Amino acid sequence: MALTAKYRIDNESEQTVNVNSLKVTLELPDSDLSISEVSSLALKVKDELKPGEGMERMSVILLSMDHFDGNKDFELAFGPLNNLEGKDMFQEKWLGFNIWKDLSLLASCRATNR
């Protein structure tokens, strides 16, 4: 199965960042297993993102149906994001969110705002 995540990066810092330094992984609950994106399956984007610029990016993660059917508590994790000198802009922290919990929260927010 292919899990595709489309997301937007807005560079609100004062430094140019290397967008392709950002890694995306799928963390499986109750397991030490994490699955990395398959970068060759995603659309290519330019490396540099200057201050004030933004872009959309897509990641593709391949996993077996057994992992998908048996787990509904995935966490999608992003990091590190480096500047052009290789310094981690997230200061060694990763950004993560629970796919199902955050999607259901988003859906319920949209439903109440209609």
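What you are looking at is a predicted structure, and each value in this text was computed from that prediction instead of being measured. Nothing fancy with the numbering, it's 1 onward along the sequence. For the numbers below, each heavy atom of this structure counts, side chains included, while hydrogens, waters and symmetry mates do not.
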Please list, chain by chain and in numerical order, all residues satisfying side-chain hydrogen bond (donor to acceptor under 3.5 Å, both in side chains) with S59, sequence neighbours excluded.
Y7, E37
Who passes side-chain hydrogen bond (donor to acceptor under 3.5 Å, both in side chains) against K93, sequence neighbours left out?
none
Write out all pairs satisfying salt bridge (Lys or Arg N to Asp or Glu O under 4.0 Å) with one or both partners inside residues 45-60, taking only residues at least two apart or from two chains.
K6-E56, K46-E53, E48-K50
Please list all pairs passing the ring-ring contact (aromatic ring centres under 6.0 Å, His included) test where one or both residues lie in residues 14-49, with sequence neighbours left out.
none
Hydrophobic clusters join Ile, Leu, Val, Met, Phe, Trp and Tyr when side-chain heavy atoms are under 4.5 Å apart, directly or via other members; which others share one with L62?
V38, L41, V60
Could you tell me which residues satisfy side-chain hydrogen bond (donor to acceptor under 3.5 Å, both in side chains) with S13, sequence neighbours excluded, listed by chain and number?
N11
Hydrophobic clustering (ILVMFWY, side-chain heavy atoms < 4.5 Å, transitive) - are M89 and V19 grouped together?
yes
To the nearest 0.5 Å, tell me how far L84 CG sits from L49 CG.
10.0 Å
Are side-chain heavy atoms of S21 and L81 found at a separation under 4.5 Å?
yes
Is the side chain of D10 donor-acceptor paired with the backbone N or O of E12 at a distance under 3.5 Å, no angle test?
no
Count I, L, V, M, F, W, Y as connected when their side-chain heavy atoms are under 4.5 Å apart, and connections chain through other members. Are L33 and L63 then in the same cluster?
yes
For the hydrophobic clusters of this structure (ILVMFWY residues joined by side-chain heavy atoms under 4.5 Å, transitively), does one cluster hold both L43 and L22?
no
The reported gap from CD in E75 to CG in L95 (rounded to nearest 0.5 angstrom) is 9.0 Å
Of the non-hydrogen atoms in F78 and F90, which two are nearest, and what is the gap between them?
O-CE1, 3.9 Å
Short side-chain to backbone donor-acceptor contact, N20 and V45, under 3.5 Å
yes
Check whether F97 and M58 end up in the same hydrophobic cluster, where Ile, Leu, Val, Met, Phe, Trp and Tyr are linked by side-chain heavy atoms less than 4.5 Å apart.
no
Side-chain donor/acceptor of S34 to backbone N/O of T25, under 3.5 Å
no
Measuring only between side-chain heavy atoms, which start at C-beta, is P51 closer than 4.5 Å to T16?
yes
Do F74 and L3 have side chains that approach each other closer than 4.5 Å (heavy atoms only, starting at C-beta)?
no
Of the non-hydrogen atoms in K44 and S39, which two are nearest, and what is the gap between them?
NZ-O, 3.5 Å
